[in-house]
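In what follows, every chain begins at residue 1, and chains take the letters A, B, ... in the order their sequences are listed. It should be emphasised that the depicted structure is a prediction, and the values quoted were computed from it without experimental measurement.
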Amino acid sequence: MSEDGAGPGGRIALVDVNNFYVSCERVFDPSLEGRPVVVLSNNDGSVVSRSAEAKRLGIKTGTPWFQLAPSAPRWGLVARSSNYELYGDLSARVMELLARFGTWQEVYSIDECFLGLAGDEAQLREAAGRIRSAVGRHVGVPVCVGVAATKTLAKFANHVAKRNPHLRGVCSLGSMPPGEAEHIQSRVPVTGLWGVGARTGKRLNAIGIETIADLKAADPLLIRKRFSVVLQRTVLELNGTACIPPVDERADRQQVMFSRSFSTPVSTAEQLDEVMAVYAQKAASRLAAEGLRASVLTVSAGTSRFSGEAAFPAATVRLPAPTQDPIALTKAAVAAMRGCMVPGTAYVRAGVVLTGLEPADGQETLEPFAGPQEQRQLGGLLGSVRAKFGESAIGLGAGGLAAPAAWSMKREFSSPRYTGEWAELPVVRA
DNA sequence: TCTGGGGTCCTAGGACCC
DNA sequence: TCTGGGGTCCTAGGACCC
């Protein structure tokens, strides 16, 4: 039996942090406890995480902040700009702690992971309870735990744990009274399931499949024929057959992306040159950090989805040779963007995507078109300066801006970085 | 005035080869 | 004259996730 299957008697736990970003903010600012809190996307654009109190106010994920701001004082609503350094750091602590509880661990996203568990029902319930209290005690964020025979069912169990406070954040499907799980499945729409989005949901409804129970009872072969192998796996998993492979057995990383919206629109080629210089260098840094080189570069820009004519220029270029050199990548990005953007159009976002990735280590392959020796050395120097003095310490050409450009990101409600910066560590008095 | 970012996997279709 | 068909590789686009 492979690791993704639970094995005889084995089970899979899905552990995730409730309202992760908000919970992280609360770890370092307990005054946020009990109050409605939202964390905003880049540029303080819209809501990406909500506390339970904020949800009770009817605030939805994706709501633009400018629509909420007028009511915030009246509601006592607190907004925070997103602080990914802090979230990444707390995520690492949570994952490290959780790893101790499983026979295997698969980190699925910043705030959730699958764990292998073994034992009888009483032991599973007990383990799930210990997991929950350990994370609360040692890291200070609340988690829910769902336990079942497959990943899809563990996700479902987690969903049940979240929505039923009397379960105290823990649900093992095997411990539910007979018929109870089926009863819930017959009431929850298919789109409540992991892997079934709005589109597929609509198509399923059209053939009479409305609830999780309906999908569970469907013929897997028919589902494969009419939909996809992905949905077929979901049907099998609902029926207890584990068939979604572990993420770490899947392919290596396929792409590195840096994409952001601007605080103010950009409409000249010169400004987009600046943007491309900064974004390409950001992407190059990530590439270097992962020890990769890229052979294909894609740039894109876009106008607002909410106004006027829509324009989404994009261009893909094959690089002369696989590279992680920020100079080569910047030049390619600027040229590609010049080739597809239309001056005078108000762009509000842009991005750089690197694909065709391969390991940068091993022997240097012949790079007949790579720049001169000095250029490659400069690329290395940039990397080491950044590593020592931080991401914005040095940059190339338009990317080396001493002051933030007019279009750069807005973050008005930032919490301190706490764990990421010595000067911002919280002070504890005993 | 102001509406996120970074990923993955699968499929269909075209180019090309034998 | 006959106008095949299987295989691979690549890319674009769809769908989904957190």
Asks: Could you check whether A:Asn43 gets within reach of a base, just the sugar-phosphate, or nothing at all, counting any heavy atom under 4.0 Å?
Replies: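 A:Asn43: no heavy atom of the nucleic acid under 4.0 Å.
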Asks: For the atom pair SG (A:Cys144) and CG (A:Asn164), what is the distance rounded to the nearest 0.5 Å?
Replies: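 Between A:Cys144 SG and A:Asn164 CG, I get 10.0 Å after rounding to 0.5 Å.
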Asks: Look at the side-chain N and O atoms of A:Arg253 and state whether any lies under 4.0 Å from the OP1 or OP2 oxygen of B:dT8.
Replies: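 Checking A:Arg253 against B:dT8: no side-chain N or O falls below 4.0 Å of OP1 or OP2.
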Asks: In whole angstrom, what separates A:Lys151's NZ from C:dC16's P?
Replies: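 The distance from NZ of A:Lys151 to P of C:dC16 comes to 19 Å, rounded to the nearest Å.
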Asks: Between A:Val229 and A:Trp65, just flag the one whose closest nucleotide in DNA chain B comes earlier from the 5' side.
Replies: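 On the 5' side of the pair lies A:Trp65.
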Asks: Considering only side-chain heavy atoms of A:Asn42, which listed nucleotide, B:dT3, C:dC18, B:dG4, is closest?
Replies: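 Nearest to the side-chain atoms of A:Asn42, counting from C-beta on, is B:dG4.
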Asks: Any luck finding a side-chain donor-acceptor pair between A:Trp407 and A:Glu274 under 3.5 Å?
Replies: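 The criterion, which ignores hydrogens and geometry beyond distance, is satisfied for A:Glu274 and A:Trp407.
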Asks: Should A:Ser261 be listed as having a side-chain N or O under 4.0 Å from OP1 or OP2 of B:dG5?
Replies: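 Checking A:Ser261 against B:dG5: at least one side-chain N or O falls below 4.0 Å of OP1 or OP2.
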Asks: Quote, to the nearest angstrom, the P distance that separates B:dT3 from C:dC18.
Replies: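 Per the computed distance, 25 Å lies between those P atoms.
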Asks: If I take atom OH in residue A:Tyr87 and atom P in nucleotide C:dC18, what distance separates them, rounded to the nearest angstrom?
Replies: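 Rounded to whole Å, this separation is 18 Å.
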Asks: Taking CD from A:Gln254 and P from B:dC9, how many angstroms apart are they, rounded to a whole number?
Replies: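 Rounded to whole Å, this separation is 6 Å.
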Asks: Given B:dG5, is OP1 or OP2 found less than 4.0 Å from the side-chain N or O atoms of A:Arg349?
Replies: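 Yes, A:Arg349 has a side-chain N/O under 4.0 Å of OP1/OP2 on B:dG5.
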Asks: Between A:Phe413 and A:Trp65, what is the ring plane arrangement, given parallel below 30°, perpendicular above 60°, and tilted in between?
Replies: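 Because their plane-to-plane angle is over 60°, the rings of A:Phe413 and A:Trp65 count as perpendicular.
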Asks: Need one value for A:Ala69: base, sugar-phosphate or nothing, where a base atom within 4.0 Å counts as base even if backbone is also close, heavy atoms only.
Replies: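 Nothing, no heavy atom under 4.0 Å.
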Asks: With a cut-off of less than 4.0 Å, is there a side-chain N or O of A:Arg203 near OP1 or OP2 of C:dA15?
Replies: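 Indeed not, no polar side-chain atom of A:Arg203 lies that close.
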Asks: Using a heavy-atom cut-off of under 4.0 Å over every strand shown, decide if A:Glu112 touches base, sugar-phosphate, or nothing.
Replies: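 Counting heavy atoms under 4.0 Å across all strands, the contact made by A:Glu112 is with sugar-phosphate only.
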Asks: Determine, step by step, whether A:Ser259 and A:Arg349 satisfy the side chain to side chain donor-acceptor pair (under 3.5 Å) criterion, reporting the C-alpha distance in whole Å, the side-chain angles of both residues, the deciding distance to 0.1 Å, and the verdict.
Replies: CA-CA 7 Å; A:Ser259 128; A:Arg349 78 184 74 249; over 6 Å; no
Asks: With heavy atoms under 4.0 Å as the rule, sort A:Arg224 into base, sugar-phosphate or nothing.
Replies: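 Result for A:Arg224 = nothing.
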Asks: NA contact type, A:Tyr108, heavy-atom cut-off 4.0 Å: base, sugar-phosphate, or nothing?
Replies: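 Sugar-phosphate, no base atom in range.
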Asks: Rounded to whole Å, how long is the line connecting atom CD1 of A:Ile110 with atom P of C:dC17?
Replies: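 For the pair A:Ile110 CD1 and C:dC17 P, the rounded distance is 19 Å.
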Asks: Over how many whole Å does the gap from A:Phe20 atom CZ to B:dG6 atom P extend?
Replies: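 Distance, rounded to whole Å: 17 Å.
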Asks: For A:Ser259 and A:Ser228, take the nucleotide of DNA chain B holding the closest heavy atom to each; which residue's nucleotide lies nearer the 5' end?
Replies: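 Looking at DNA chain B, the more 5' nearest nucleotide goes with A:Ser259.
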Asks: When you compare the ring of A:Phe306 with the six-membered ring of B:dT3's base, are the centres less than 5.5 Å apart and the planes under 30° from each other?
Replies: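 So A:Phe306 counts as stacking on the base.
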Asks: Which nucleotide sits closest to the side chain of A:Trp194: C:dC17, B:dT3, B:dT8?
Replies: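 From the listed options, C:dC17 comes nearest.
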Asks: Rounded to whole Å, please give me the gap between OH in A:Tyr347 and C1' in B:dG4.
Replies: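 After rounding, the gap between these two atoms is 20 Å.
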Asks: Does a side-chain N or O from A:Arg260 land closer than 4.0 Å to OP1 or OP2 of B:dG6, or not?
Replies: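 Yes, because at least one side-chain N or O of A:Arg260 sits under 4.0 Å from OP1 or OP2 of B:dG6.
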Asks: Base, sugar-phosphate alone, or nothing: which one does A:Thr200 contact when heavy atoms must sit under 4.0 Å apart?
Replies: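 Here A:Thr200 touches the backbone only, sparing every base.
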Asks: Between A:Arg26 and A:Glu53 (salt bridge meaning N to carboxylate O under 4.0 Å), is one present in this structure?
Replies: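 The answer is yes: the pair qualifies as a salt bridge.
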Asks: Tell me yes or no: between the side chains of A:Ser81 and A:Asp44, is some donor less than 3.5 Å from an acceptor?
Replies: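 There is such a pair between these side chains.
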Asks: Whom does B:dG5 pair with, Watson-Crick or G-U wobble, provided both distances fall under 3.5 Å?
Replies: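 Answer to the pairing question: C:dC18, which forms a Watson-Crick or G-U pair with B:dG5.
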Asks: Out of B:dT8, B:dG4, C:dC16, which has the shortest distance to the side chain of A:Gln255?
Replies: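 That would be B:dT8.
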Asks: Just the rounded figure in Å: distance from C1' of C:dC16 to CD of A:Gln232.
Replies: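 In whole Å, C:dC16 C1' and A:Gln232 CD are 18 Å from each other.
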Asks: Any side-chain heavy atom of A:Phe101 sitting closer than 4.5 Å to one from A:Val145?
Replies: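 A:Phe101 vs A:Val145: side chains apart.
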Asks: So does A:Arg305 get a side-chain nitrogen or oxygen closer than 4.0 Å to the phosphate oxygens (OP1/OP2) of B:dG4?
Replies: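 So the side-chain polar atoms of A:Arg305 do come within 4.0 Å of the phosphate oxygens OP1 or OP2 of B:dG4, strictly under.
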Asks: When the distance from CG of A:Leu292 to P of B:dG6 is rounded to whole Å, what number comes out?
Replies: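 Answer to the nearest Å: 16 Å.
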Asks: Could you tell me whether the phosphate oxygens of C:dC16, OP1 or OP2, come under 4.0 Å of any side-chain nitrogen or oxygen in A:Lys155?
Replies: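 Indeed not, no polar side-chain atom of A:Lys155 lies that close.
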Asks: Look at all strands and tell whether A:Leu231 reaches a base, only sugar-phosphate, or nothing, counting heavy atoms closer than 4.0 Å.
Replies: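 Touches nothing.
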Asks: Ignoring the backbone of A:Arg286, work out which of B:dC9, B:dG6, B:dG4 is nearest its side chain.
Replies: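 Of all the options, the side chain of A:Arg286 is nearest to B:dG6.
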Asks: Whether A:Arg318 contacts C:dT11 is assessed here as follows: a side-chain N or O lying under 4.0 Å from the phosphate OP1 or OP2. Is that the case?
Replies: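 Yes, A:Arg318 has a side-chain N/O under 4.0 Å of OP1/OP2 on C:dT11.
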